[in-house]
Amino acid sequence: MVRLILVLTFWLFSTVIYPTPLVIKFNHVVAQDTPKGKAALKFKELAEKYTDGTVVVEVYPNSQLFKDREELEALQMGVIHMAAPSVSKFGPMGIRDFEIFDLPYLFPDVETVHKVTDGKIGARLFKKLDKKGLRGLAFWDNGFKHFSANRPLRKLKDFQGLKMRIQSSKVLEATMRRLRTMPQVMAFSEVYTALQQGVVDGTENPISNLYTQKMHEVQKYLTLSHHGYLVYAVVTNKKFWDNLDPNIRNKLERAIVDATAYEREIARAENMAALEAVRKSGKTEIYELPSEEKEVWRKRLIPVHKKFAEKIGKENLNDVYELLSNIQ
Ligand code: LMR
């Protein structure tokens, strides 16, 4: 009997008592009908199902609660419980290692991206989040990024002098400078207006983002450059997550695993559908960069890799190169 009382007392004081239902606020910056938007809703559906409704997930799309930088600050403070920011956005909190995914022309295909995210490199990157009070739960992805602008982008010289919106990544900044453009960090929620008003001339993103933010209405030219890949880190507040009832946490982890499989399944199709819709709109001229020209662009941009080897971690870069050499 004494043992039972001791175990119960320990349990009571070691597990923060959350209200029932427990509400999880999941904020993100993209439209609902994108790979990330749909995956967040899938996580909501599965988390509520697996916990028999003892957990309720409130999804806030399109920067409804917080936009880019504020989203991560809110997560660190526990004001929101989950987010899935682009890995290009951890630099301002002092973690540049995730910018490995921003290196131009690094990944030949999504399978290689998954080998990095789901292997020792992904695990090493998530470890970096712990000291910032965050816990990495999964990597989601969107698709290859392409350039858009209000002038045709067919040769390197076409970029000269353009103001290009980027995410808050030093690798992306260096990439844009190699293209002789002026990079401008801006929250995703502000990009459409900035393009419409000419504050910036162009940007880069997967097509699902370009289309769902209606950027094709304010970008006359789209070049399918496949120069980068957009990866997301699904993250939670570490204290919140560690204090969950273990039984609940296990069910939420299962919901994350299943939502991740779903997200990866739909990402490619979502981007293909978005490209078709942009083509049908007739508002943007779509140019498929020929492979010989792509090689010229790759050669111009590849020095960015070496320049950032220190910042993103030589071990990470060497591991990716080794992985790439094994598949070629
Ligand atoms: C961007 O800011 O361009 C993207 O990261 C938005 C997103 O989360 O897909």
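All residue numbers in this chain count up from 1 along the given sequence. Counting starts at 1 for both ligands and their atoms, in listed order. These values consider heavy atoms only, across backbone and side chains, with no hydrogens, waters or symmetry-generated copies.
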Any nitrogen or oxygen of Asn142 lying under 3.5 Å from a nitrogen or oxygen in ligand 1? Just yes or no. no
Ring-plane angle category for Phe139 and Phe101, please: parallel below 30°, perpendicular beyond 60°, tilted otherwise. tilted
Are His28 and Tyr60 an aromatic pair, judged by ring center distance below 6.0 Å? no
Options Phe188, Tyr232, Trp140, ranked by nearest heavy atom to atom 9 (O) of ligand 1, top entry: Tyr232
Is the closest heavy atom of Glu204 to ligand 1 under 4.0 Å? no
Side chain, backbone, both or neither: the part of His28 lying under 4.0 Å from ligand 1 by heavy atom: neither
Structural part of Val191 in contact with ligand 1, heavy atom criterion under 4.0 angstrom: neither
Would a single hydrophobic cluster contain both Ile312 and Phe126, if residues Ile, Leu, Val, Met, Phe, Trp and Tyr are joined by side-chain heavy-atom contacts under 4.5 Å? yes
With a cut-off of 4.0 Å, which atoms of ligand 1 are near a heavy atom of Val29? 8 (O)
Checking side-chain contact (heavy atoms from CB on, under 4.5 Å) between Met82 and each of Val57, Asn27, Leu252, Leu137, which is the one that passes? Leu137
Determine whether the side chain, the backbone, both or neither of Leu230 has a heavy atom under 4.0 Å from any heavy atom of ligand 1. side chain
Which residue supplies the protein heavy atom nearest to atom 2 (O) of ligand 1, what is that atom called, and how far is it? Lys89 NZ, 2.7 Å
Determine whether the aromatic ring centres of Phe159 and Phe147 lie less than 6.0 Å apart. yes
Under 3.5 Å side-chain donor-acceptor pair for Gln219 and Thr284: no
Nearest to atom 5 (O) of ligand 1 by heavy atom, Gln167, Lys145, Arg165: which? Gln167
